A.B. asks: 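Supplied in structure tokens, the structure appears directly below.
Quick caveat: nothing in here was measured; it's all calculated off a predicted structure.
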Amino acid sequence: GSSKGHSDHLDMAKLKKPLFELLEKLEKELKARQAAVDVERAELHAKREEEQRKREELITLRAELETQHAQAVAASYGIWACCYRAPTDRSFEVEARKERRREIANYAKEAFEEADENDDRELSLDELRRIEGDNAELVMMEADVNGDGVLSKSEYVNYKIHIAKQVGKMARKAFKAADVNNDKELTLDELRVIEGDNAEKVMREADVDNSGYLSKREYVDYKIRCAAHGVNMF
């Protein structure tokens, strides 16, 4: 009896070994597939983010060109310039801000849906890390208005718009402080006053019309773009 029991035990052990090996193999394959999916998702997010940045840069560029065109038309009237009512820079700025805000909101919605892996219409901290990286904890703490430990889509979108507004205000103050000659443009030397060692990088990335200097709109919009995409600029 005991020898039969021992034999049965050995038979079961023989059966279990290949079964466990098969399970281990399947687990490794699943982990590898998940890793590949994560890489693909990260690449897709990076590509979408870059396309969004370009769209936002185009908003700034269009407003800059419209302002320059209006100024050129007014100048062409010469002594009759007083008879020409050009669109104000303010009107271009208001429209650009509205469009920029729409872009930020749309991008935030898309990013939220991308990160909401289980489709429960909420972002856990782990899901939030997919789009906010190292900033996830800070974003969760500041954006979780009702304190339930997760973010709804409206909480996330409203937070991104709020951050854009706050950064915009700070950027306008910084620009005014650096524009010592009050010509409404920042040279590279003036930009160094507020950006330090990052001045060259900021000039290169923010100067959308390639004029060699930054208008207030270019500088402010650049800072907002960076903030909207998770880069702490102040």
Side-chain angles (χ1 to χ4, degrees), residues 49-50 52-64 66-67 88-109 111-112 128-129 131-145 151 154-234:
E49 193 169 62
E50 182 59 29
Q52 180 66 23
R53 284 178 191 264
K54 288 177 181 176
R55 282 199 295 269
E56 291 168 13
E57 284 177 6
L58 285 174
I59 294 171
T60 306
L61 179 59
R62 183 165 65 246
E64 283 292 295
E66 285 173 344
T67 299
T88 64
D89 188 54
R90 173 70 181 166
S91 67
F92 290 134
E93 179 60 23
V94 168
E95 189 55 39
R97 282 189 197 182
K98 287 179 182 177
E99 190 173 357
R100 187 167 57 238
R101 198 167 295 166
R102 283 195 298 269
E103 284 292 335
I104 290 170
N106 289 338
Y107 177 73
K109 289 173 186 175
F112 182 99
L128 189 59
R129 284 194 184 98
I131 48 177
E132 291 292 341
D134 294 337
N135 291 328
E137 285 81 0
L138 177 64
V139 173
M140 180 65 79
M141 183 175 65
E142 294 183 346
D144 183 18
V145 177
L151 293 188
S154 63
E155 283 178 324
Y156 184 67
V157 172
N158 290 339
Y159 172 76
K160 300 301 276 188
I161 292 173
H162 170 72
I163 288 298
K165 287 180 181 178
Q166 293 300 109
V167 168
K169 288 178 184 177
M170 294 169 71
R172 280 185 279 275
K173 287 180 181 178
F175 184 96
K176 186 176 180 180
D179 185 21
V180 291
N181 61 357
N182 201 31
D183 65 351
K184 299 181 181 179
E185 297 170 349
L186 292 189
T187 63
L188 186 57
D189 286 338
E190 287 174 320
L191 190 58
R192 285 194 181 99
V193 173
I194 48 177
E195 291 293 342
D197 294 337
N198 285 328
E200 285 82 359
K201 178 178 183 291
V202 174
M203 179 65 79
R204 184 174 63 252
E205 295 181 355
D207 182 19
V208 294
D209 65 356
N210 295 314
S211 62
Y213 55 81
L214 295 187
S215 67
K216 183 192 288 187
R217 181 185 293 114
E218 284 178 315
Y219 180 69
V220 172
D221 284 8
Y222 171 75
K223 302 298 273 189
I224 290 173
R225 280 199 302 276
C226 290
H229 296 285
V231 181
N232 185 6
M233 299 304 295
F234 289 100

A.B. asks: Using 0.5 Å steps for rounding, measure from the OG1 atom of Thr187 to the CG atom of Asn181.
C.D. replies: 7.5 Å

A.B. asks: A side-chain contact here means heavy atoms from C-beta on lying under 4.5 Å apart; do Ile224 and Ile104 qualify?
C.D. replies: yes

A.B. asks: Would you say the side chain of Val145 lies within less than 4.5 Å of the side chain of Asn158, judging by non-hydrogen atoms?
C.D. replies: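 Not touching, per the 4.5 Å side-chain cut-off.
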
A.B. asks: I'd like to know whether Glu200 forms a side-chain contact (heavy atoms from CB on, under 4.5 Å) with Arg192, so could you lay out the CA-CA distance, the side-chain angles of the two residues, the decisive distance to 0.1 Å, and finally the verdict.
C.D. replies: CA-CA 8 Å; Glu200 285 82 359; Arg192 285 194 181 99; 2.6 Å; yes

A.B. asks: How close do Phe175 and Glu185 get, heavy atom to heavy atom, and via which atoms?
C.D. replies: CZ-N, 3.9 Å

A.B. asks: Do Glu103 and Arg225 come within less than 4.5 Å of each other through their side chains, counting heavy atoms only?
C.D. replies: no

A.B. asks: Compute whether any side-chain donor of one residue and acceptor of the other, for Asp209 and Ser211, lie under 3.5 angstrom apart.
C.D. replies: yes

A.B. asks: With a 4.5 Å heavy-atom cut-off, do Lys216 and Lys176 have their side chains touching?
C.D. replies: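 Answer no - side chains too far apart.
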
A.B. asks: Nearest heavy-atom pair of Leu186 and Leu191: which atoms, and what distance?
C.D. replies: CD1-CD1, 3.9 Å

A.B. asks: Is there a side-chain contact between Tyr219 and Ile194 in this structure, where contact means two heavy atoms from C-beta onward sitting under 4.5 Å apart?
C.D. replies: yes

A.B. asks: side-chain contact (heavy atoms from CB on, under 4.5 Å) between Val180 and Val193: does it pass, once the steps are laid out?
C.D. replies: CA-CA 10 Å; Val180 291; Val193 173; over 6 Å; no

A.B. asks: For Asp197, does the CG atom have more than 12 heavy-atom neighbours from other residues, nucleotides or ligands under 6.0 Å away?
C.D. replies: no

A.B. asks: Taking Met203's backbone N and O only, do any of them form a donor-acceptor pair with Asp207's side chain (distance below 3.5 Å, no angle check)?
C.D. replies: no

A.B. asks: Does Val157 reach the side chain of Phe112, with side-chain heavy atoms less than 4.5 Å apart?
C.D. replies: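 They are not in contact (no side-chain heavy atoms under 4.5 Å apart), so the answer is no.
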
A.B. asks: For residues Glu155 and Leu151, report the shortest heavy-atom separation together with the two atoms involved.
C.D. replies: OE1-CA, 3.4 Å

A.B. asks: Supply the atom-to-atom distance Arg204 CZ to Leu188 CG, rounded to the nearest 0.5 angstrom.
C.D. replies: 10.5 Å

A.B. asks: Should Leu138 and Glu132 count as side-chain neighbours, where that means a heavy-atom distance under 4.5 Å?
C.D. replies: no

A.B. asks: Which atoms form the tightest heavy-atom contact between Ala227 and Ile163, and what is the distance?
C.D. replies: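 Heavy-atom minimum between the residues: CB-CG2, 3.9 Å.
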
A.B. asks: Please report the C-alpha distance between Leu214 and Val202 in whole Å, then the side-chain angles of each, then the deciding distance to 0.1 Å, and finally whether the side-chain contact (heavy atoms from CB on, under 4.5 Å) criterion is met.
C.D. replies: CA-CA 9 Å; Leu214 295 187; Val202 174; 4.3 Å; yes

A.B. asks: For the residue pair Arg129 and Ala136, what are the closest heavy atoms and their distance?
C.D. replies: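 It is CG-CB, 3.5 Å.
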
A.B. asks: Is the shortest side-chain heavy-atom distance between Tyr156 and Ile131 below 4.5 Å?
C.D. replies: yes

